[in-house]
K.L.:
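The structure is given below, and queries will be raised subsequently.
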Amino acid sequence: MNVVLPDGNTLELADGASGLDAALAIGPKLAEQAVLIKANGETQDLRAPLPDGAKIEILTTRNTADPDALYVLRHSAAHLLAEAVRRLHPGVKVAIGPPIDDGFYYDFEFPTPITEGDLQAIEDEVKREIAEGRTFSREEITADEARERFRAEGEPYKVELVDTAQGAISLYTQSGANGADFTDLCRGPHLQNAAPIKAFKITGLAGAYWRGDSANTQLTRIYGTAFYKEADLAAYLERMEESRKRDHRRLGVQLDLFHFSELSPGSPFWHPKGMKIWNVLEDLRRRENLARGYVEVRTPQIYDKELWVTSGHWDKYREHMFTFESEERTFSLKPMNCPGHCVLYANGAVSYRDLPIRMSEAGVLHRDELAGALHGLLRVRMFSQDDAHIFCTPEQVEDEVLGCLDFGYSIYEKLGLEIKVELSTRPENKLGTDEEWDAAEGALKAALDRQGLTYSVNEGDGAFYGPKIDLHMLDSLGRGWQIGTVQLDFQLPQRFGLTYQGADNAEHTPVMVHRALIGSFERFIGILIEHFAGAFPFWLAPVQVRIVPVAEVHAAAAHELAAKLGGYRVEVDDSAETLGKRIRNAELEKIPFVIVYGEKESDDALAVRERGGGQSTKSLAELQGELAVLAAGA
RNA sequence: GCCGAAGUAGCUCAGCUGGUCAGAGCACCUGUCUUGUAAACAGGGGGUCCGGGGUUCGAAUCCCCGCUUCGGCUCCA
């Protein structure tokens with residue numbers, strides 16, 4: 001057989017040759033440093049046979065930043081972890097241990113629970129294994145052999161993995177000076193030996209359900225990470241530390257934007273400065289809504305249970321609703337606006353000439369989220385959604401969805417946000433016919449394409465009432481959060497008996513488009529805080545300009561200047577602190593502009609300091625011109 | 001909700017194995033200073049050591065229960 005090298009040359013190999021054989025044929029040094037091979041673009045273990053005629057590329061320990069090379073390293077590190085845990089905690093059952101972004105984890109079932117205090121010993125043991133040396137070898141066996149083997153070893157999770165594995169079963173054995181030590185079911189690929197693992201660290205301990213199902217046993221998950229270079233680990237830890245500084249929960253306190261109280265878990269208290277940001281967004285929302293043909297409505301906060309029975313929420317969403325009794329009736333705080341909007345729509349006759357009706361409401365919603373799911377502003381129990389429901393004809397759906405996407409992206413681009421788009425299609429328990437779903441999914445795809453968006457598809461992940469487009473963003477630690485959503489709904493209009501009179505004089509059921517672009521103001525502001533690390537652009541900043549009079553005698557002039565900058569959010573700091581201290585405070589508060597005002601200053605010559613330290617002298621007129629541009633959000 | 005961890009002044013945190021352990025820095029208040037681009041100086045006030053039980057001569061410290069928060073898991077309509 002032969003393979004094709006990256007330079008185009010052909011290499012002649014014995015039949016059934018592996019990647020390692022290919023590397024050896026090229027040179028011993030390469031074989032020594034090799035960690036995995038790409039055959040026709042697909043990564044595979046060095047020890048697995050190569051397809052005849054494959055184009056190959058060998059990755060080595062020098063590809064220290066290559067994601068695939070890191071995956072292999074970390075996957076092997078995970079196996080060393082399992083070996084160490086088995087040695088230190090006899091009787092432990094091993095489940096699964098894949099590499100992930102930034103590291104790896106391994107799930108175990110411990111005979112007696114472990115705590116964080118046990119982690120150091122495990123980490124030390126892994127480091128000892130690395131120092132001692134481990135060689136990874138691969139073998140392929142049948143599913144029956146594998147099942148038998150793991151059953152004999154008392155590893156029920158492995159048996160289950162074999163049962164659901166696709167294709168050939170491969171095992172990896174890591175052996176050291178003391179003989180074969182640990183064999184694990186694994187697809188691979190793995191390193192040839194442990195030597196390239198120059199940095200190893202256990203980073204966390206958590207519970208995790210077997211196969212991600214909360215009905216299953218909860219296992220103990222140990223997280224860790226590994227690198228080809230010690231310095232890479234240090235850089236990683238440094239990066240994590242920097243990310244933590246952007247955490248909106250930390251900045252929210254530092255910048256005096258909001259706080260939480262034990263008296264109302266999951267519901268933020270917005271401080272005056274936080275509300276400045278909120279109101280800027282609220283103004284933006286209202287202005288843009290009006291410009292795009294939306295009407296604004298306001299609907300009740302609490303409803304009789306009957307409404308939720310009609311909408312289906314009582315069935316599907318009850319455990320997340322706050323309910324209470326009053327005068328022998330059961331009520332619930334609304335977790336969504338849509339049923340209320342349906343009631344509003346139903347009040348009065350609607351003609352096809354009225355459609356589309358774009359009904360918006362930044363309604364306050366309450367959802368009884370699981371205590372363990374709460375997360376600062378990013379997962380709350382009370383929030384305001386920039387909600388809207390578009391009632392339209394089936395023919396109008398595509399244009400309406402496109403309008404929503406265009407609307408959303410006008411906001412995201414203004415803020416420089418990076419959005420991940422997902423399309424979720426019909427689930428198993430869908431309502432409605434396949435024809436309806438074909439049309440609905442087609443309309444969403446067409447709108448996505450017309451907007452020029454790249455998106456991933458989550459097959460079967462749509463709501464039972466219709467497909468949806470979800471818009472996600474990452475927080476400072478790389479966790480994803482849903483910001484916006486555009487959902488098609490055929491069910492709610494039917495459940496509420498909504499109709500419009502068509503041109504054919506017959507009654508028709510409208511299609512409903514649920515749409516949130518900012519999503520919840522709480523979550524959006526939380527994301528913005530992390531995105532800007534608290535240094536908001538001028539048009540969003542709670543305080544835009546701070547004037548610092550040099551001495552007490554300049555305070556009056558400073559206030560006059562502030563008055564001339566009316567229309568902007570301006571403060572005068574005439575406190576009894578030193579000039580240096582007041583400038584420092586303004587910097588710590590991340591205020592975009594500081595104007596120092598003393599003997600030398602006048603309307604013709606202002607000493608302007610920009611956030612970060614840049615200084616310049618400009619006239620009031622020049623400054624006002626500059627601020628006007630920034631205020632527009634350019 | 002589940003697994004693990006944490007909760008000490010407004011904020012950040014120290015307080016090891018129970019015995020002046022109720023502290024520091026910043027913030028706050030008062031006074032002095034009247035300031036030229038990231039921290040003037042001095043003094044002072046402030047804590048139910050998350051809450052409730054328990055062990056003990058004695059608990060911030062040990063045990064139990066609860067609440068909240070953090071890291072994950074599940075969930076995210």
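Chain identifiers are assigned alphabetically (A, B, ...) following the order of the sequence lines, protein sequences preceding nucleic acid strands; residue numbering begins at 1 within each chain.
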K.L.:
Restricting both atoms to N or O, compile the protein contacts to nucleotides 9-18 of chain B shorter than 3.5 Å, with distance only.
P.N.:
none

K.L.:
So, are R584(A) and E587(A) salt-bridged, with charged N and O less than 4.0 Å apart?
P.N.:
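Salt bridge: no.
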K.L.:
Which value, in whole Å, describes the distance between the C1' atoms of nucleotides A59(B) and U20(B)?
P.N.:
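One C1' to the other, the span is 15 Å.
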K.L.:
Less than 4.0 angstrom between a side-chain N/O of R609(A) and OP1 or OP2 of A38(B), yes or no?
P.N.:
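So the side chain of R609(A) is within the cut-off, an N or O lying under 4.0 Å from OP1 or OP2 of A38(B).
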K.L.:
Round to a whole Å and report the spacing from CH2 of W210(A) to C1' of U74(B).
P.N.:
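So the two atoms are 16 Å apart, to the nearest Å.
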K.L.:
Under 3.5 Å, which donor-acceptor pairs do the side chains of residues 512-528 of chain A form with other protein atoms, sequence neighbours left out?
P.N.:
from    : atom 1 : to      : atom 2 : distance (Å)
H514(A) : ND1    : H389(A) : NE2    : 3.2
H514(A) : NE2    : D489(A) : OD2    : 2.8
R515(A) : NH1    : Y294(A) : OH     : 3.2
R515(A) : NH2    : D386(A) : O      : 2.9
R515(A) : NH2    : D386(A) : OD2    : 3.4
S520(A) : OG     : E522(A) : N      : 3.4
S520(A) : OG     : R523(A) : N      : 2.8
E522(A) : OE1    : S384(A) : N      : 3.0
R523(A) : NE     : L378(A) : O      : 2.7
R523(A) : NH1    : Q482(A) : O      : 2.7
R523(A) : NH2    : L378(A) : O      : 2.9

K.L.:
Does the protein touch nucleotides 24-33 of chain B at the base, only the backbone, or not at all? Give it as B, S and - per nucleotide, heavy atoms under 4.0 Å.
P.N.:
---S------
K.L.:
Give one of base, sugar-phosphate or nothing for Y465(A), where a contact means two heavy atoms less than 4.0 Å apart.
P.N.:
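Sugar-phosphate contact only - Y465(A) comes under 4.0 Å of backbone atoms but never of a base.
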K.L.:
Taking any heavy-atom pair under 4.0 Å as a contact, classify A208(A): base, sugar-phosphate, or nothing.
P.N.:
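Since only primed, P, OP1 and OP2 atoms lie under 4.0 Å of A208(A), the category is sugar-phosphate.
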K.L.:
Could you give all pairs that pass the salt bridge (Lys or Arg N to Asp or Glu O under 4.0 Å) test and reach residues 545-558 of chain A, with sequence neighbours left out?
P.N.:
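Listed by first then second residue: R546(A)-E571(A), R546(A)-E589(A).
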K.L.:
In this structure, which one of I114(A), V94(A), I96(A) forms a side-chain contact (heavy atoms from CB on, under 4.5 Å) with F108(A)?
P.N.:
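Checked I114(A), V94(A), I96(A) against F108(A); only one passes side-chain contact (heavy atoms from CB on, under 4.5 Å): V94(A).
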K.L.:
Check each residue of residues 548-560 of chain A for a non-hydrogen atom within less than 4.0 Å of any atom in RNA chain B, then write out the ones that pass by number, or none.
P.N.:
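V550(A), A551(A), E552(A) - these, ordered by number, are the residues of the stretch whose heavy atoms sit under 4.0 Å from the strand.
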K.L.:
Give the residues of residues 242-250 of chain A touching RNA chain B, defined as any heavy atom closer than 4.0 Å, sorted by residue number.
P.N.:
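Only R249(A) qualify.
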K.L.:
Base, sugar-phosphate or nothing for H313(A)? Non-hydrogen atoms, less than 4.0 Å.
P.N.:
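Contact class for H313(A): none.
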K.L.:
Taking any heavy-atom pair under 4.0 Å as a contact, classify Y223(A): base, sugar-phosphate, or nothing.
P.N.:
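Touches sugar-phosphate only.
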K.L.:
Classify the nucleic acid contact of G613(A) as base, sugar-phosphate or nothing, counting any heavy atom under 4.0 Å across all strands shown.
P.N.:
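No contact at all - G613(A) keeps every heavy atom at 4.0 Å or more from the nucleic acid.
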K.L.:
Quote, to the nearest angstrom, the P distance that separates G66(B) from U74(B).
P.N.:
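To the nearest whole Å, 25 Å.
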K.L.:
Which nucleotide, G36(B), C75(B), U74(B), lies nearest any side-chain atom of L579(A)?
P.N.:
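Of the candidates, G36(B) comes closest.
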K.L.:
Applying a 4.0 Å non-hydrogen cut-off, can you work out what K590(A) is touching in the nucleic acid: base, sugar-phosphate, or nothing?
P.N.:
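Counting heavy atoms under 4.0 Å across all strands, no contact is made by K590(A).
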K.L.:
Which value, in whole Å, describes the distance between the P atoms of nucleotides A22(B) and C50(B)?
P.N.:
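These two P atoms come out 16 Å apart once rounded.
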K.L.:
Give one of base, sugar-phosphate or nothing for E601(A), where a contact means two heavy atoms less than 4.0 Å apart.
P.N.:
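Answer is base: heavy atoms of E601(A) come under 4.0 Å of a base.
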K.L.:
Just checking G376(A): base, sugar-phosphate only, or nothing, at a heavy-atom cut-off of under 4.0 Å?
P.N.:
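Sugar-phosphate contact only.
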K.L.:
Expressed as a whole number of Å, how far does the C1' atom of G31(B) sit from that of U37(B)?
P.N.:
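Rounded to whole Å, the distance is 27 Å.
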